[in-house]
Number of protein chains: 2
Amino acid sequence: MSSTPRTPRTAVGGRRHRVREEALAEILRTGRRLLVEEGPGAVTLRAIAREMGMTAPALYRYYAGHRELVQALTSSLYDELADALAAARDRHPAAGPGRQLREVCHELRAWALAHPREFGLLFAKPVADADTTPGTVAHDSGWRFGGVLLGLMVELWRKGGIRPPTGLDPSWAAQLEEVREHLSGAPVPLDVIYVFVACWTRLYGTVAVEVFGHLDFALTDPEPLFTHTVDEILAALGEPR
Amino acid sequence: MSSTPRTPRTAVGGRRHRVREEALAEILRTGRRLLVEEGPGAVTLRAIAREMGMTAPALYRYYAGHRELVQALTSSLYDELADALAAARDRHPAAGPGRQLREVCHELRAWALAHPREFGLLFAKPVADADTTPGTVAHDSGWRFGGVLLGLMVELWRKGGIRPPTGLDPSWAAQLEEVREHLSGAPVPLDVIYVFVACWTRLYGTVAVEVFGHLDFALTDPEPLFTHTVDEILAALGEPR
DNA sequence: TTAACGAGTTAACGGCGTTAACTTTCAGGC
DNA sequence: GCCTGAAAGTTAACGCCGTTAACTCGTTAA
């Protein structure tokens with residue numbers, strides 16, 4: 001049995017620690033380049049090591065295996081997407097949550113179209129395919145990403161424009177606690193969260209169906225459809241065009 | 001160079017032809033079982049051959065390679081899904097296209113939840129990942145599947161309930177010809193096709209986001225959300241609840 | 001009857017993830 | 001200032017994968 005620790009105890013200030021951080025960053029950089037230039041199938045331990053002038057087993061000093069490396073790459077991409085969305089949100093800080101959410105939606109589509117392979121890695125697969133254990137880092141980064149959308153939706157709810165559908169059987173939504181935990185203490189009612197999820201579903205579907213090419217058969221330019229969908233989403237959140 | 005023809009010329013009535021057809025069917029059956037029981041990564045030439053008591057190179061008598069085999073599996077799954085949707089459509093033939101489309105939407109979700117791995121193979125990946133050449137059999141089977149939805153939408157359009165959004169810039173939709181070809185001569189206007197695509201996008205997104213587990217964080221039972229979404233889709237097609 | 005062909009085999013190549021056993025380099029305590 | 005131990009990296013190997021080449025065997029059709 002190998003006695004190598006997963007995360008070696010390098011002094012945080014020391015040189016060794018700095019070199020290790022840079023190696024970790026280069027691994028993710030290389031993996032992403034392979035993902036972008038040659039597709040998800042090319043993100044391979046041996047290929048990454050080759051590009052870095054190393055051999056594959058050396059990567060086990062940094063990640064427990066191929067799956068963990070891809071997981072780390074996924075997390076970093078979630079973070080980057082979250083940053084892009086946050087930047088779009090803060091582009092016009094005084095414009096109000098409606099306008100800001102509109103910007104964020106379009107930024108999501110723009111990011112997906114500019115980085116289709118990355119978007120595919122994040123969203124084009126079952127989040128739990130009997131492999132990825134829940135509660136991982138990817139899960140947290142996913143929350144960072146979704147939090148940008150949720151935060152603006154909460155602001156819109158505070159403005160009072162949301163009219164949740166009446167008569168909804170509240171037989172669902174028991175895990176509200178986790179959502180509320182990530183909403184940092186906003187007592188959002190259940191039916192409003194329902195609206196949030198409905199809007200998120202719609203946004204995701206619109207972007208995914210376009211990026212994954214399932215729309216090529218019908219539309220040459222899906223942009224008007226997207227803008228129209230965002231209009232309807234914002235109308236559902238009490239912010240008509 | 002190997003001189004083996006891709007599709008040997010076996011007499012269509014003869015015994016040899018029958019045996020070959022059964023072998024082709026068994027390959028797909030085995031591939032699907034591996035997909036369902038062990039995930040997409042287990043659909044392997046060697047594994048399929050092993051299960052069938054053969055060796056991997058023998059499969060090259062039936063498919064040009066791994067990609068073509070998976071493609072054939074994809075097509076057969078599209079066909080099965082199309083059959084399921086058509087059956088749901090014909091369950092209540094006299095109920096009118098609105099009720100029928102409602103049934104079909106719920107059947108789509110039911111099929112996806114009952115066969116998540118298959119659904120993932122069909123929809124959880126870029127349709128053109130620099131590999132799959134367009135115009136293949138999968139493309140045709142995909143049309144068979146989408147045709148069930150499109151057909152009912154056309155019927156709804158004939159009923160006259162659709163109010164397409166006004167003032168849409170028609171800068172999109174040049175490939176209407178291909179859509180019309182598969183609509184078998186129904187002169188559907190552009191803005192109505194726009195409504196079709198918007199509804200299809202919404203339906204796909206709702207099902208996909210649930211099946212791929214991107215909703216687990218918020219909802220324990222997404223069924224009410226789905227029913228509500230179908231209601232809105234049908235309202236957009238002129239068939240309020 | 002015989003020649004062609006379909007179906008299947010074995011052997012091999014290169015690439016993959018992963019493990020084991022080894023060497024080298026370097027940081028920190030005596 | 002040396003020494004020890006851990007971190008970083010190596011080579012070799014195992015079993016998987018897709019794919020190709022060269023071969024055998026049985027059936028079919030002329």
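As the structure is a prediction and not an experimental result, all values here were calculated from the model. Values reported hereafter were calculated over all heavy atoms of this structure, with side chains retained and with hydrogens, waters and symmetry mates removed.
- Between B:Arg9 and C:dG6 there is a side-chain N or O to OP1 or OP2 distance below 4.0 Å.
- Residue A:Met54 contributes atom CE, which lies 9 Å from atom C1' of D:dA8 at whole-angstrom precision.
- You'll find the side chain of A:Ile27 reaches within 4.5 Å of the side chain of A:Tyr63, heavy atoms only.
- If you find the closest nucleotide of DNA chain C to B:Ala56 and to B:Thr10, the one lying nearer the 5' end belongs to B:Thr10.
- Regarding B:His17, its NE2 atom lies at a distance of 17 Å from the C1' atom of D:dA29, rounded to whole Å.
- Heavy-atom nearest nucleotides on DNA chain D were determined for B:Arg16 and for B:Leu45, and the one closer to the 5' end corresponds to B:Leu45.
- Residue-to-nucleotide contacts include a donor-acceptor pair under 3.5 Å from the side chain of B:Arg46 to the base of D:dG18.
- The residues A:Arg29 and A:Glu22 are annotated as salt-bridged, a charged nitrogen and a carboxylate oxygen being separated by less than 4.0 angstrom.
- Ring-plane geometry between B:Phe212 and B:Phe119 is classed as tilted, the angle between the planes lying from 30 to 60 degrees on a 0 to 90 degree scale.
- A straight line from CD1 of A:Ile48 to P of C:dG17 spans 8 Å, rounded to a whole angstrom.
- The separation between B:Tyr62 atom OH and D:dT19 atom P is 18 Å, rounded to whole Å.
- In terms of position on DNA chain D, the residue among B:Pro57 and B:Ala47 whose nearest nucleotide sits closer to the 5' end is B:Ala47.
- Checking the phosphate oxygens (OP1, OP2) of D:dT10, a side-chain nitrogen or oxygen of A:Thr55 falls inside 4.0 Å.
- The residue B:Gly14 sits apart from the nucleic acid: no heavy atom pair falls under 4.0 Å.
- When rounded to the nearest whole Å, the span between CG of A:Leu59 and P of D:dA8 equals 12 Å.
- The two residues A:Ala56 and A:Arg46 come nearest to each other via the heavy atoms CB-CG, 3.7 Å.
- Regarding contacts with the backbone of C:dA7, a side-chain N or O of B:Arg20 is found under 4.0 angstrom from either OP1 or OP2.
- For C:dG6, its base never sits under 3.5 Å from the side chain of B:Arg61 at any donor and acceptor pair.
- Rounded to whole Å, atom C1' of C:dG6 lies 17 Å from atom OH of B:Tyr63.
- Between D:dC17 and B:Arg50, a contact under 4.0 Å exists linking OP1 or OP2 to a side-chain N or O.
- The CH2 atom of A:Trp200 sits 10.0 Å away from the SG atom of A:Cys105 when rounded to the nearest 0.5 Å.
- D:dT27 atom P lies 14 Å from atom CZ of B:Arg18, rounded to whole Å.
- Atom NE2 in A:His66 sits about 10 Å away from atom P in C:dC16, given to the nearest Å.
- Contact annotation: A:Thr44 reaches the phosphate of C:dG17 (side-chain N/O to OP1 or OP2, under 4.0 Å).
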